[in-house]
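Accompanying notes for the structure given below.
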Amino acid sequence: MGNRIPFRVQPMLATLVLQPFERSGWVYEEKYDGDRTLAYKEGDRVRLLSRNGIDRTERYPRIVAAIAKLRPATVLLDGEMVVFDAKNVSRFQLLQEGKDEPTYAVFDCLYCDGKDLRREPLRVRRQWMDKAIGSGNALLPSHRLAANGLKAFAIARKHGYEGLVAKDLDSPYIEGRSRKWLKVKIHQEDEFVIVGYTKPAGSRKYFSALLLGAHEKSELRYVGKVGTGFDGKTLEALYRKFQPLAQSGAPVANPPREKDVVYLTPRLVAQISYEELTRDQKLRQPVYLGLRDDKAARDVVMPEGEA
């Protein structure tokens with residue numbers, strides 16, 4: 001069979017849990033915000049495949065070249081294509097923009113020099129991985145945060161990572177979703193001014209989404225809309241609060257291109273959970289948490305993000 005890896009795999013996927021934890025025999029790694037990629041090196045040939053089998057080889061020539069230079073004649077690596085921001089935090093948006101060189105953050109090795117490692121425990125596979133990839137700018141071993149899971153979560157939250165992935169060191173590589181790998185996401189929370197709402201569609205009553213803003217210097221700027229986190233009672237209560245505040249013009253300097261919008265005098269402040277504030281100052285995956293009455297709208301300023 002020569003330098004052929006005799007199988008193709010579906011990636012092992014972590015199961016989401018809501019709270020960080022500490023567990024003996026587990027390790028806690030940075031959760032990267034990128035493009036999950038399996039890398040096959042078979043002699044002189046390198047192929048990069050996405051989690052659903054799409055060929056990414058031509059997209060990442062620098063990574064291909066780095067893998068081609070690895071010592072093993074055959075190797076199968078699992079990891080994430082990432083681009084880091086100025087604070088060394090991976091950002092999917094930066095990867096999509098394609099302006100910066102990506103790094104391959106590697107966290108597993110499933111085959112090396114003719115040996116199938118899938119049934120080996122993670123602690124053994126990691127040793128093979130570290131030896132196979134060595135050190136270099138294009139290939140990065142995944143970052144382990146702390147031996148204690150609660151401390152690891154605190155580190156991830158402090159640095160603004162997407163979250164952490166906890167892994168059982170004794171686990172084999174299990175294709176598909178597994179509870180031997182668990183992920184904990186980190187949601188940021190901030191206050192935002194409610195600057196309007198979109199009219200309801202379908203079976204939704206009262207409104208579809210809230211339009212949100214925050215002050216940057218002397219301007220109130222639109223940062224996105226949130227359409228989740230409401231039940232029927234909340235929808236009705238908010239709608240009643242909105243009626244005396246309706247106005248004809250947009251209160252933000254950069255109004256959105258939205259249809260069926262009702263703009264509001266910017267007085268109400270909402271608490272919002274979200275993944276990140278993107279480079280173009282838009283909220284990613286926001287969730288409405290409630291109104292705040294302890295902060296004036298004029299005091300709501302733009303959170304730190306990728307501005």
Side-chain angles (χ1 to χ4, degrees), residues 16 18-19 33 85 89 91-93 96-97 157 160-163 184-307:
L16 178 66
L18 298 180
Q19 299 294 333
D33 189 13
D85 66 12
V89 178
R91 303 291 187 190
F92 183 71
Q93 185 183 24
Q96 284 192 314
E97 289 174 355
R157 183 166 54 186
Y161 298 151
E162 185 187 9
V184 186
K185 288 187 175 182
I186 296 171
H187 292 270
Q188 300 186 66
E189 291 184 20
D190 279 299
E191 300 92 6
F192 295 92
V193 182
I194 299 175
V195 299
Y197 62 89
T198 56
K199 294 181 180 180
S203 60
R204 189 80 172 251
K205 292 184 178 180
Y206 303 109
F207 62 88
S208 288
L210 302 182
L211 307 183
L212 303 172
H215 289 92
E216 185 177 48
K217 298 179 180 178
S218 61
E219 289 185 332
L220 181 60
R221 300 190 63 81
Y222 174 70
V223 296
K225 62 182 180 178
V226 57
T228 59
F230 312 101
D231 57 20
K233 184 177 179 180
T234 303
L235 288 168
E236 181 180 5
L238 286 172
Y239 183 77
R240 293 185 184 278
K241 288 180 179 291
F242 294 160
Q243 299 318 298
L245 302 177
Q247 65 178 46
S248 58
V252 290
N254 58 333
R257 296 179 179 178
E258 292 280 349
K259 295 181 179 180
D260 296 323
V261 170
V262 176
Y263 287 113
L264 302 175
T265 302
R267 292 181 185 171
L268 299 176
V269 176
Q271 184 80 5
I272 303 294
S273 168
Y274 60 100
E275 290 291 336
E276 68 172 348
L277 187 68
T278 63
R279 174 173 284 183
D280 60 349
Q281 294 184 320
K282 295 297 184 292
L283 295 173
R284 182 181 173 204
Q285 297 182 13
V287 179
Y288 174 83
L289 300 179
L291 288 178
R292 296 292 298 262
D293 60 1
D294 58 348
K295 191 167 187 177
R298 64 178 178 275
D299 297 327
V300 175
V301 297
M302 194 75 68
E304 290 186 4
E306 284 300 297

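Being a predicted model, the structure only gives us computed values, none of them experimental.
The side-chain hydrogen bond (donor to acceptor under 3.5 Å, both in side chains) search around Arg240 returns Glu236, not counting sequence neighbours. Residues satisfying the salt bridge (Lys or Arg N to Asp or Glu O under 4.0 Å) test with Arg292, not counting sequence neighbours, are Glu191, Asp294. Ala237 is linked by a side-chain contact (heavy atoms from CB on, under 4.5 Å) to nothing, counting only residues two or more places apart in sequence or in another chain. Under the salt bridge (Lys or Arg N to Asp or Glu O under 4.0 Å) criterion, Asp33 pairs with Arg284, not counting sequence neighbours.
The distance from atom CG of Leu289 to atom CG of Asp190, rounded to the nearest 0.5 Å, is 10.5 Å. Interatomic distance, CD of Glu276 versus CG of Leu283, reported as 10.0 Å (0.5 Å rounding). One distance of note links CG of Asp85 with CZ of Arg279; it measures 8.0 Å at 0.5 Å rounding.
A heavy-atom distance below 4.5 Å is not found between the side chains of Asp260 and Thr198. Annotation: side chain of Val195 is not in contact with side chain of Leu264 (no heavy-atom distance under 4.5 Å). Taking the side chain as every heavy atom from C-beta outward, Tyr222 and Gln281 never approach each other to under 4.5 Å. By the 4.5 Å heavy-atom criterion applied to side chains, Ile272 and Val226 are counted as neighbours. Looking only at side-chain heavy atoms (C-beta outward), Val252 and Val193 stay at 4.5 Å or farther from each other. Contact of the Phe192 side chain with the Leu210 side chain is not registered, since no non-hydrogen atoms from C-beta on lie closer than 4.5 Å.
Using the six-membered ring where Trp is involved, Phe207 and Tyr197 have ring planes that are tilted, between 30° and 60° apart.
What you find for Arg204 and Pro200 is that their closest heavy atoms are O-CB, 3.1 Å. Across all their heavy atoms, Val269 and Ala296 have their closest contact at CG2-C, 4.1 Å. Of all heavy-atom pairs spanning Val184 and Gln19, the tightest one is CG2-O, 3.9 Å. Nearest heavy atom pair, residue Gly229 against residue Val287, reads CA-CG1, 4.0 Å. In plain terms, the two heavy atoms of Leu211 and Pro256 that are nearest each other are CD1-CG, 4.2 Å. Among all heavy-atom pairs drawn from Gly249 and Tyr263, the shortest one is O-CB, 3.4 Å.
Residue Lys295 qualifies as enclosed at atom NZ: its count of foreign heavy atoms under 6.0 Å is above 12.
Among residue pairs with one or both ends in residues 218-230, those qualifying as salt bridge (charged side-chain N to carboxylate O under 4.0 Å, His left out) are Glu216-Arg221, Glu219-Arg221, Lys225-Glu258; sequence neighbours excluded. Counting only residues at least two apart or in different chains, side-chain hydrogen bond (donor to acceptor under 3.5 Å, both in side chains) contacts with residues 205-214 are absent.
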Give the C-alpha distance, both sets of side-chain angles, the deciding distance and a yes or no for side-chain contact (heavy atoms from CB on, under 4.5 Å) between Leu291 and Ile194. CA-CA 10 Å; Leu291 288 178; Ile194 299 175; 3.8 Å; yes

